[in-house]
**Q** 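Quick one: the structure is below, and I'll ask about it shortly.
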Amino acid sequence: MDYQFKDIEQKWQQFWADNQTFKADNNSVKPKYYVLDMFPYPSGAGLHVGHPLGYIASDIFSRYKRLKGFNVLHPMGYDSFGLPAEQYAIQTGQHPAITTEANIATYRRQLDQLGFSFDWSREVRTSSPGYYKWTQWIFMQLFNSWYDKATDKAESIEKLAAHFDQYGSAGVDAVSDEEVLSFTADEWKAYTKEEQQAELLKYRLTYLRESTVNWCPALGTVLANDEVKDGFSERGGYPVEQKKMRQWSMRITAYAERLLQGLDTIDWPEPLKEMQRNWIGKSIGASVRFQMSAPPKPSPEGRAFNKVSPTGGDLEGAIEVFTTRVDTIFGVTFLVLAPEHELVCELTTPEQKAEVDAYIAQSKKKSELDRMADTKTVSGAFTGSYVINPVNNEKVPLYIADYVLAGYGTGAVMAVPSGDQRDYLFAKHFGLPIVPIMDIQHIETEADPTKEGRYINSDFMNGLNYKEGTAKVISFLEEKGAGKAKVNFRMRDAIFGRQRYWGEPVPVYFKDDLPYLIDEKDLPLVLPEVDKYLPTETGEPPLARASNWKYHPAPSKSPPVGETYPTHQAGNYRETADPVYYEQLKEFSRDNRNQPTEAENILWQLLRNNQTGYKIRRQHAISQFIADFVCLEKGLVIELDGHHHKLNKEADDARTEILNYFGFEVIRFDNDEVLKFPQKVFEEIKQKLTSLPERISPTQPSPLVSGRASEITAGEAKVSPAGGDLEGAGGYAYEHSTMPGWAGSSWYWYRYMDSNNDKEFASEKAIEYWKDVDLYIGGSEHATGHLLYSRFWNKFLKDMNLVVEEEPFKKLINQGMIQGRSSFVYRLTLQDENLSQSHYFLSKGQAKKWEISETFGQELLDEWKINFIIKSYEGNPQRLAFGPLHVDVNIVNNDILNIEKFRAWRPEYKDAVLILEDGSISSPTGGGREGAYICGVEVEKMSKSKFNVINPDDIIERYGADTLRMYEMFLGPLEQSKPWNTNGIEGVFKFLRKFWRLFHDEQWNFSLSDAAASKAELKSLHKIIRKVEEDVERFSFNTSVSSFMIAVNELTDLKCNKRAILQDLVVVLSSYAPHICEELWVLLGNQPGSLSYAPYPTFNPEYLIEDEFAYPISINGKTKINLNLSLSLEAAAIEAAVIGSAEVQKYLDGKTPKKVIVVKGRIVNIVL
RNA sequence: GCUCAGAUGGUGGAACUGGUAGACACGCAGGACUUAAAAUCCUGUUCCCGUUAAAGGAGUGCGGGUUCGAUUCCCGCUCUGAGUACCA
């Protein structure tokens, strides 16, 4: 039979799924190899032809490595929390979980169609509680850690607290907030618990801080720096403003140096490393303190000008600056503070106050955008104060200006106008002196930042060079206590939270306005249900809408917890400890709500709409349970028990007890009771409700912008049925923001190692075996987001001894983007009017003529008498123009428009008149002429709006997955961006048919010969065996495809149908085109499924040895002829043979060559 | 502005450490088969000059250089793409 790709591909995809062919084993004697694709977000649009590019490459690599005897881990999953599903939820009210589920289904179907060898048994989803339990767990570890600079690693926060207990804050060298307290051990112990917690929070690796964030009002959330482009949100393009908010942050800056150093140890593309280096932005310089020239007056607020510097030590009335050119300090003629600098107010003299205030007001008004666009204008204001330059005791004026950023360094600079262009402009503008400090400096028109030459005007540095000078001035400053060498990083701590619904809840609750972790056994903290996915009216995040979503720490005395309490077997209970079980329960529970039991339905009809006088909710979450019915007002839970209750009595009783602790009454009815006497049950409930005291109303949403409510007021505390005071019985407010998009993806490669483990994020054994990712393939857009955060978390986990490698991704490859290739038609329009009704379209060449020729328009009109236009253009062809319009690429073939399909494409093109490339006209009435309509072409992003999206489903339908896989590779080098053009795909398809044909006779019967292979056949085979090895190892997949074509062309010419050759060829090709090869493998008589683990054929160089070579003979470097010579000849013999040859003599023209270069086996060059 | 990557036929691209530039594929042209078309197969296809063939010349963004020999190495420039931007 001819090559029936559809049947073959379906058959093998089914086989692989049924037999779990690609399941990776965590116990193997084989060497491990971990191939990973960057975590996809399952978007609603599904895959376009560009998405699988990296997956195909990684799949080829994985399959190849299996053939080479490696135990390959090649997993796939979904980064399934994210904005699009949430935006959709806001618009439609559909729960993002449902949208996500549907999107994943589409994604999975499309991935399956491509024949990838993923181990699907390890699939993960960041949005499933079984996964995010561990994301929350890692968050807890970060919360419980601080960074000790002395050991250069993260340590337990308990260790720090113990140190405080024993020694106070002395001797702590930590990465922390700027304003930490100094205290003795006794002072520490005298602090209240709250004060201690507040202090520890300043050290934790994840912490709350008032910070300036990119707030996007339209999206109602905070964005990361890399999600903001030019003052607008990357997604959606909404304006972004700066806003102060209390936010969770991650102390990634603690790892800045390690993140930088680590880059030298990993095999990543240089541009990517460079991006990370820039992002980390290390600069080596010095901090210098400039003393105030006069003691500052006490500030109006009464705050003494006496604070601790960011680097420690008392400032005692000095301004600290950071500089990378401390050697230029003798050139300092003024100091500049950022307008936001906290000392500005105090340092401003009364005379200057008006001017400074005006400037601050003005710069505040400027948006980030304006400030960026306007880098030329010099602005600033004099504070009236002066500082003393520590090296020469000169008095230097103090200014403020918005070219100094509050967030970098110390928010203050020493200005050296001779060496820095911004300082230079500023000095010119304000008439400040410009002092040259280098003998070769040219500062007539602009600053000269040179480091060459010798110092002048620099006192003790005069005559020294840059290196000597820098060392000398630093030691001078250190001696004087006025400065020291310092390293500064541009990178800021990462904000870790969004005011959004669809993300991981932060496992934190608040007590006395301080954050505390929930108990580890209460993980996962499950995302609560909300009525709307929007912020509350008071501006709190959507999670604040979850009614009665409060944390109830386990009671301190004899809790009815333990193994028995959570082990319910029925679906009514939300069970939090076992994520796998929870998943089942969730489904069960959803079904329950959709298909309630008859009893529930009957009772609900009686309870709904305040018929009891009180509001009743059904299937409502209380803590980790879902109650059948609940009245929150009165604290009454109504449970209906089916038959399972009897089996579960013990657990249910435990549950009742806990609910009691939390101040709920529980009454139970069984189903039969409700079915038989519904009215009686109703009356009983009503009575019970009336008899119960009013429960205190739920807490008001907190007015705090930080996105959390304050905890329960004291009055809400309940007394337990057992007596005794129950602290926080009403529950503590949870954190209401959720984790950012990068949380779940910052550790996922470890989950794949052991994805079904419910005891740990991955077992020690699994991590010890798989270690790290050997090959990571993905786009470079994640350079400063995912890839940086992942390295950060990995280093932290390493510090915690939870993982074994310092770097998670040893080798990384960026696949290029596949761009769209848009097609255009050119419609005639009037230049000054929007003439959208025009039916006239010019072919590309005609449109071009119009562009170059002034009279062409007239000629065109005369020749074709376009009446409609004549009417509109009023005889003036100058008013006519043509506008390019996107046209669906699916109705264009080789740039030729399918005119019929075009007219049918949209109603407004029904009557289109097309002026074809050859000048003839195609009108709907007159029928088509000979000519073709040529479309214009442009390379753009692939997107629906540009009508240039190619869906892989369509390609697979026409040519099959094997063809698509090979074609995507054939397109060009993996790393390069390139436009998609379906035109070449025929060639690949033909190749596969040709390959298939090698195994078949004229009548398409499978037919092979067992004869011995000829020399030429073996040569072809071994050429490709070696070529594919070389190519795959260096990720040059496109060249292998070409070589496969060459091999098959050669074997076809040789009429080779020998098993000895073709069986090996099947193995070699199988990583590229797995389906067709599996089919042939079985036809060859092998066990189905064994191909994936067959040994890769061994290359034998003997088959490639030639005894003759056609030497190219060049004269003066230009090749003239080829000469066949034996390869056994040595250089001298070759030279003699070449010079002696009649053909060469012809070129020599009787002359004697000046020189003859002979490279054996390569070339002969004769120099005349 | 700075940093990085790239530029080869009509198109995608190949040439791995300096050694026959344009492999392989698309497209195009011509031919075979066919009543015809599709499909398939064969031949040609960097450009210029040349009736064909032979022979010749030019040629890897542009201008120089090193070398017997440069797409490859060096210097300067142009263009394209990406990242980043008052970072002290």
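This one's a predicted model, so the numbers in the text were calculated from it and none came from an experiment. So you know, we letter chains A, B, ... as the sequences are listed, proteins then strands, and number each from 1.
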**Q** Report the base-pairing partner of B/A23 (Watson-Crick or G-U wobble, both distances below 3.5 angstrom), or none.
**A**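 Matched B/A23 with nothing under the 3.5 Å cut-off.
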**Q** Determine which nucleotide pairs with B/C16, using a 3.5 Å limit on both distances of a Watson-Crick or G-U wobble pair.
**A**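 Here B/C16 is not engaged in any pair, so there is no nucleotide opposite it.
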**Q** Round to a whole Å and report the spacing from CG of A/L405 to C1' of B/A85.
**A** 11 Å
**Q** For B/G76, does the O4'-C1'-N9-C4 (purine) or O4'-C1'-N1-C2 (pyrimidine) torsion place it in syn, i.e. within 90° of 0, or in anti?
**A**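 You should classify B/G76 as anti.
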**Q** Can you tell me which residue pairs pass the salt bridge (Lys or Arg N to Asp or Glu O under 4.0 Å) test with a partner in residues 987-996 of chain A, sequence neighbours excluded?
**A**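 Those involving residues 987-996 of chain A are A/D2-A/R993.
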**Q** In terms of side-chain geometry, is the basic nitrogen of A/K1155 or A/E1135 positioned less than 4.0 Å from the acidic oxygen of its partner?
**A** no
**Q** Below 4.0 angstrom from OP1 or OP2 of B/C68, is there any side-chain N or O of A/K1155?
**A** yes
**Q** Return the value, rounded to whole Å, for the distance between atom NZ of A/K994 and atom P of B/A39.
**A** 17 Å
**Q** Under 6.0 Å from the CD atom of A/E270, do we count more than 12 heavy atoms belonging to anything else shown?
**A**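 Counting other residues, nucleotides and ligands, CD of A/E270 exceeds 12 neighbours.
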**Q** So if I apply the ring-ring contact (aromatic ring centres under 6.0 Å, His included) rule between A/Y967 and each of A/F991, A/F989, A/Y1072, A/W980, which one comes out positive?
**A**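 When A/F991, A/F989, A/Y1072, A/W980 are each tested with A/Y967, the ring-ring contact (aromatic ring centres under 6.0 Å, His included) holds only for A/W980.
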**Q** I'd like to know if the side chain of A/S1141 reaches the main chain of A/V1144, judged simply by a donor and an acceptor atom lying under 3.5 Å from each other, with no hydrogens or angles considered.
**A** yes
**Q** Could you state the atom-to-atom distance from CZ of A/F991 to P of B/C26 in whole Å?
**A** 13 Å
**Q** If the P atom of B/A70 is compared with that of B/G22, how far apart are they to the nearest Å?
**A**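 One P to the other, the span is 16 Å.
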**Q** Can you check each nucleotide of nucleotides 43-50 of chain B against protein heavy atoms at under 4.0 Å and return B for base, S for sugar-phosphate only, - for none, in 5' to 3' order?
**A** --------
**Q** Quick test of your reading of the model: are A/E1050 and A/K1023 salt-bridged, counting only N-O distances below 4.0 Å?
**A** yes
**Q** Heavy atoms only, 4.0 Å cut-off, all strands: where does A/P269 land among base, sugar-phosphate and nothing?
**A**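 Contact class for A/P269: none.
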**Q** Quick check on RNA chain B: between A/V1167 and A/R821, whose nearest nucleotide comes earlier from the 5' end?
**A**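 The answer here is A/R821.
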**Q** Hey, do the aromatic rings of A/F426 and A/Y399 have their centres closer than 6.0 Å?
**A**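 Ring centroids of A/F426 and A/Y399 are less than 6.0 Å from each other.
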**Q** What nucleic acid atoms does A/R993 come within less than 4.0 Å of, heavy atoms only: base, sugar-phosphate, or nothing?
**A** sugar-phosphate
**Q** Quick one: label A/K1154 by what it contacts on the DNA or RNA (base, sugar-phosphate, nothing), any heavy atom closer than 4.0 Å.
**A** nothing
**Q** Just to be sure I understand the rule, does A/E270 reach a base, reach only the sugar-phosphate, or reach nothing, if contact means heavy atoms closer than 4.0 Å?
**A**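 Counting heavy atoms under 4.0 Å across all strands, no contact is made by A/E270.
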**Q** Take atom CH2 of A/W980 and atom C1' of B/U11, then tell me their distance rounded to the nearest Å.
**A**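 Taking atom C1' of B/U11 as the reference, CH2 of A/W980 is at 15 Å.
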**Q** Could you state the atom-to-atom distance from CZ of A/R422 to P of B/C2 in whole Å?
**A**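 Value for this atom pair: 15 Å.
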**Q** Looking only at atom P, what distance separates B/A23 and B/A14, rounded to whole Å?
**A**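 Looking at atom P only, B/A23 and B/A14 are 13 Å apart.
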**Q** Testing the basics here: between A/A338 and A/V344, what is the closest heavy-atom pair and its distance to 0.1 Å?
**A**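 Smallest heavy-atom distance, with atoms named: O-CG2, 3.6 Å.
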**Q** Paired with B/U40 by Watson-Crick or G-U wobble geometry, both distances under 3.5 Å: which nucleotide is it?
**A** B/A32
**Q** Let's test this: given Watson-Crick or G-U wobble pairing with both distances under 3.5 Å, identify the partner of B/U72.
**A** none
**Q** Is there a Watson-Crick or G-U wobble partner for B/C47 with both distances under 3.5 Å, and if so, which one is it?
**A** B/G57
**Q** Looking at A/W268 and A/K273, what are the two nearest heavy atoms and their distance?
**A**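 The pair with the smallest heavy-atom distance is O-CE, 3.5 Å.
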**Q** What is the distance, rounded to the nearest whole Å, between atom CD1 of A/I985 and atom P of B/G27?
**A**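 That distance rounds to 12 Å.
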**Q** Side-chain N or O of A/Q819 versus OP1/OP2 of B/G81: is the shortest distance under 4.0 Å?
**A** no
**Q** Using atom CZ of A/R490 as one end and atom C1' of B/C2 as the other, report the distance to the nearest whole Å.
**A**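 Roughly 12 Å, once rounded to whole Å.
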**Q** One character per nucleotide, please: for nucleotides 16-24 of chain B, 5' to 3', B when the base has a protein heavy atom closer than 4.0 Å, S when only the sugar-phosphate does, - otherwise.
**A** B--BBS-BB
**Q** Tell me the interatomic distance from A/Y967, atom OH, to B/G13, atom P, rounded to whole angstroms.
**A**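 Atom-to-atom, A/Y967 to B/G13, this comes out as 10 Å.
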**Q** Under 6.0 Å from the CZ atom of A/R277, do we count more than 12 heavy atoms belonging to anything else shown?
**A** yes
**Q** Given A/V988, which partner from the list A/L971, A/T963, A/D962 fulfils the side chain to side chain contact (heavy atoms under 4.5 Å, CB included) test?
**A** A/T963
**Q** For B/C87, which nucleotide in any strand shown is its Watson-Crick or wobble partner with both distances under 3.5 Å?
**A**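 Checking every strand shown, B/C87 finds no partner, since no pair has both distances under 3.5 Å.
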**Q** Name the pairing partner of B/A5, where a pair is Watson-Crick or G-U wobble with both distances under 3.5 Å, or state none.
**A**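 Paired with B/A5, as far as the under-3.5 Å criterion goes, is B/U80.
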